[in-house]
Amino acid sequence: MKEELMKRLRDFYAKEENAALVGVPASDEQIAEAEKGLNVTFHADYVEFIKAFGGAFAGISIHAFSNGSVMGKETVVEWTEEFRQQLAETSLKEQLEDGYVISMDGSGNPVMIHSTGEVLICYLDSGETEVLASSFAELIEDQFHEW
């Protein structure tokens with residue numbers, strides 16, 4: 001991710017009033033274990049983000065292993081496994097097998113990073129996917145706005 005964006009995020013999360021939006025940074029061990037268990041490789045920008053901020057709100061909730069207290073406790077591993085199981089017999093199966101769920105929209109549709117690096121939303125009602133951003137960094141750049 002661009003250093004300018006990382007600095008903006010660090011400055012934002014450093015403010016006391018934003019403490020509930022940031023989690024505990026992910027460890028290399030947590031990342032390696034999750035990648036092995038999910039049979040994926042986390043995208044470098046996602047790894048950079050979660051190693052710096054854990055699960056954090058950046059205009060969109062980004063889940064990792066320890067999330068900001070306002071976000072809930074669901075981890076990237078739990079959500080990915082849950083949606084893989086739930087959607088095993090649907091057209092979304094292949095997408096979920098090749099990625100990992102990092103967020104959810106307000107309707108309960110999973111937002112995932114695909115092995116291509118694209119960030120997709122999977123619409124449960126229609127079985128279709130839509131590209132939200134060409135990369136995790138682009139997603140954060142588009143979604144994150146200081147207030």
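Treat the numbers as computed from the prediction; the structure is a model and nothing was measured.
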Verdict with reasoning, Glu141 to Lys2, per side-chain contact (heavy atoms from CB on, under 4.5 Å): CA-CA 9 Å; Glu141 287 174 12; Lys2 294 178 183 173; 3.6 Å; yes

For side-chain contact (heavy atoms from CB on, under 4.5 Å), just list the numbers for Glu130 and Leu120, CA-CA rounded to whole Å, side-chain angles, deciding distance to a tenth of an Å, and then say yes or no. CA-CA 5 Å; Glu130 177 185 347; Leu120 309 174; over 6 Å; no

Start with the C-alpha distance between Val47 and Ile31, add both sets of side-chain angles, then the distance that settles side-chain contact (heavy atoms from CB on, under 4.5 Å), and finish with yes or no. CA-CA 8 Å; Val47 170; Ile31 293 166; 3.9 Å; yes

Step by step, would you call His114 with Thr129 a side-chain contact (heavy atoms from CB on, under 4.5 Å)? CA-CA 11 Å; His114 191 262; Thr129 60; over 6 Å; no

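At a threshold of 4.5 Å between side-chain heavy atoms, the hydrophobic network of Ile, Leu, Val, Met, Phe, Trp and Tyr places Leu87 and Val76 in two separate groups. In the hydrophobic cluster analysis, where Ile, Leu, Val, Met, Phe, Trp and Tyr join through side-chain heavy atoms closer than 4.5 angstrom, Phe57 is grouped together with Ile50. With hydrophobic clusters built from ILVMFWY side chains whose heavy atoms lie under 4.5 angstrom apart, Val70 does not share a cluster with Trp79. Note on Met71 and Ile113: same hydrophobic cluster, where clusters join Ile, Leu, Val, Met, Phe, Trp and Tyr whose side-chain heavy atoms are under 4.5 Å apart, directly or indirectly. Val77 is connected to Phe53 through a chain of hydrophobic side-chain contacts under 4.5 Å among Ile, Leu, Val, Met, Phe, Trp and Tyr, so both are in one cluster.
Ionic pairing of Glu3 and Arg10 is present here: one or more N-O contacts between side-chain nitrogen and carboxylate oxygen are shorter than 4.0 angstrom.
The line from OG of Ser115 to NE2 of His43 is 10.5 Å long, rounded to the nearest 0.5 Å. Separating the NZ atom in Lys93 from the CG atom in Asp98 is a distance of 11.0 Å, to the nearest 0.5 Å. The line from CG of Leu21 to NZ of Lys15 is 11.5 Å long, rounded to the nearest 0.5 Å. Taking CD1 of Ile60 as the start and CD1 of Ile140 as the end, the distance is 7.0 Å to the nearest 0.5 Å. The distance from atom CD of Glu146 to atom CZ of Phe12, rounded to the nearest 0.5 Å, is 7.0 Å. Rounding to the nearest 0.5 angstrom, the gap separating the CD atom in Glu128 from the OG atom in Ser91 is 8.0 Å.
Between Leu9 and Met1, the shortest heavy-atom contact is CD1-CE, 3.9 Å. Taking each heavy atom of Val22 and Ala56 in turn, the nearest pair found is CA-CB, 3.9 Å. In plain terms, the two heavy atoms of Leu5 and Ala137 that are nearest each other are CD2-O, 4.2 Å. Closest of all the heavy-atom pairs between Tyr13 and Asn18 is CA-CB, 4.4 Å. Between Pro25 and Ala52 the shortest heavy-atom distance is CG-O, 3.6 Å.
Relative orientation of the Phe65 and Phe42 rings is tilted, given thresholds of 30° and 60° on the angle between their planes. The aromatic rings of Phe136 and Phe49 stand perpendicular to each other, their planes meeting at an angle above 60°, with 30° marking the opposite boundary.
Between Phe144 and Arg8 there is a side-chain heavy-atom pair separated by less than 4.5 Å. Between Leu96 and Thr80, the closest side-chain pair of non-hydrogen atoms is not below 4.5 Å. Two residues are said to be in side-chain contact when any heavy atoms from C-beta on lie closer than 4.5 Å; Ile62 and Tyr46 meet this criterion. Considering only heavy atoms from C-beta on, Gln95 stays 4.5 Å or farther from Phe83 through its side chain. Two residues are said to be in side-chain contact when any heavy atoms from C-beta on lie closer than 4.5 Å; Ile102 and His63 fail this criterion. Between Leu124 and Pro110, the closest side-chain pair of non-hydrogen atoms falls below 4.5 Å. Using a 4.5 Å cut-off on side-chain heavy atoms (C-beta onward), Ser135 and Glu118 make no contact. Side-chain atoms of Val111 and Val101, non-hydrogen and from C-beta on, never get closer than 4.5 Å to each other.
A donor-acceptor pair under 3.5 Å is formed between the side chain of Asp105 and the backbone N or O of Gly108. Although no hydrogens or angles enter the test, the distance criterion places a donor-acceptor pair under 3.5 Å between the side chain of Glu138 and the main chain of Ser134. Side-chain atoms of Ser107 never come within 3.5 Å of backbone atoms of Asn109 as a donor-acceptor pair (strictly under, hydrogens ignored). One N or O on the side chain of Ser103 and one on the backbone of Ser61 form a donor-acceptor pair closer than 3.5 Å. Of the possible polar contacts, one joining the Glu78 side chain to the Thr75 backbone as a donor-acceptor pair under 3.5 Å is found. A donor-acceptor pair is defined here as one N or O able to donate and one able to accept, closer than 3.5 Å; no such pair exists between the side chain of Asn67 and the backbone of Gly23.
At most 12 non-hydrogen atoms from other residues, nucleotides or ligands lie less than 6.0 angstrom from CD of Glu94. Within a 6.0 Å radius of CD in Glu82, more than 12 heavy atoms belonging to other residues, nucleotides or ligands are found.
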